[in-house]
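A quick note: this is a predicted structure, and the numbers were derived from the prediction, not measured. Only heavy atoms go into these numbers, but all of them, side chains included; no hydrogens, no water, no symmetry mates.
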Amino acid sequence: FSTAVWALSSLISVIASIGVMASFSIPIFLVLLLTTIPTLIVNIRKSDLAYGIWDANTETRRKFYSVSQHLQSEQSLMELRIFGTKSYLFDMVKNTFKDFFGQEQKAAQSHTLWDSISGIITEIGLIIVFVTAIIATLNGQITIGLFTFYASAAGRFSNTLATLFRRLTR
């Protein structure tokens, strides 16, 4: 329920910001929208990351649980002692974990790079809005109060949309 309320309030905030930004300048609003889209793409790609062994692909997860179950089961303990397979199974679990986290670490590092790039692109869009609003203020087209209003709306639009993308792609 709280997620639905949060999503609805975020959607209302985005719609209100769209109205404010469109009343200022539709081309500037489109620039702001286009510079926020890379955040959506990065967050969609980030949703593919597995944050634990339970999110791993089926083969890795099955192998990990099957082997670890033998190490944890009371019935298997006697067999492990008799056949001396405890260290073999433990190494198997350790290697599965190591392989899994090695792959995920590479993916997380790649995501961090793309997340940084999308953040820079979004900030460039905000800078374009701010510079345009400053020029309009200096030329007397808008007042300082409207400048503050538009700058706030641009920041709210960008941040709310990015947060909405991040939460919806989880």
Nearest 0.5 Å, what's the [atom1]-[atom2] distance between [X] and [Y]?
X: Thr35; Y: Ile127; atom1: OG1; atom2: CD1; result: 10.0 Å
X: Ile12; Y: Ser17; atom1: CD1; atom2: OG; result: 11.5 Å
X: Ile121; Y: Ser116; atom1: CD1; atom2: OG; result: 11.0 Å
X: Asp115; Y: Ile120; atom1: CG; atom2: CD1; result: 10.5 Å
X: Ile41; Y: Ile37; atom1: CD1; atom2: CD1; result: 7.0 Å
X: Leu8; Y: Ser13; atom1: CG; atom2: OG; result: 11.0 Å

*Can you name the closest pair of heavy atoms from Thr160 and Ser10 and give their distance?*
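Of all heavy-atom pairs spanning Thr160 and Ser10, the closest is CG2-O, 3.5 Å.
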
Distance-only, no hydrogens or angles: does the [X] side chain make a donor-acceptor pair with backbone N or O of [Y] under 3.5 Å?
X: Ser9; Y: Trp6; value: yes
X: Ser152; Y: Phe149; value: no
X: Ser23; Y: Val20; value: yes
X: Thr148; Y: Ile144; value: yes

_Passing option when Val31 is tested against Val129, Ile128, Thr36 for side-chain contact (heavy atoms from CB on, under 4.5 Å)_ = Ile128

_Glu123 and Leu126: CA distance, side-chain angles, deciding distance, side-chain contact (heavy atoms from CB on, under 4.5 Å) verdict_ = CA-CA 5 Å; Glu123 293 302 318; Leu126 284 170; 3.9 Å; yes

*Among residues two or more places apart or on two chains, list those pairs meeting ring pair (Phe, Tyr, Trp, His ring centres under 6.0 Å) that have a residue in residues 122-143.*
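Every candidate ring pair (Phe, Tyr, Trp, His ring centres under 6.0 Å) pair involving residues 122-143 fails, so no pair, neighbours aside, qualifies.
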
Kindly work out whether a path of hydrophobic side-chain contacts (I/L/V/M/F/W/Y, heavy atoms less than 4.5 Å apart) joins [X] to [Y].
X: Ile26; Y: Phe147; result: yes
X: Leu30; Y: Leu161; result: yes
X: Leu32; Y: Ile134; result: yes
X: Ile124; Y: Met21; result: yes

*asked:* Checking Thr122 against Thr39 for the side-chain hydrogen bond (donor to acceptor under 3.5 Å, both in side chains) test, could you report, in this order, the C-alpha distance in whole Å, the side-chain angles of both residues, the deciding distance, and whether it holds?
replied: CA-CA 8 Å; Thr122 299; Thr39 303; 3.3 Å; yes

*Pairs in or reaching into residues 124-143: which pass side-chain hydrogen bond (donor to acceptor under 3.5 Å, both in side chains), with residues at least two apart or in two chains?*
none

_Residues which pass ring pair (Phe, Tyr, Trp, His ring centres under 6.0 Å) with Phe24, listed by chain and number, not counting sequence neighbours_ =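 Checked Phe24 against ring pair (Phe, Tyr, Trp, His ring centres under 6.0 Å); matches are Tyr150.
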
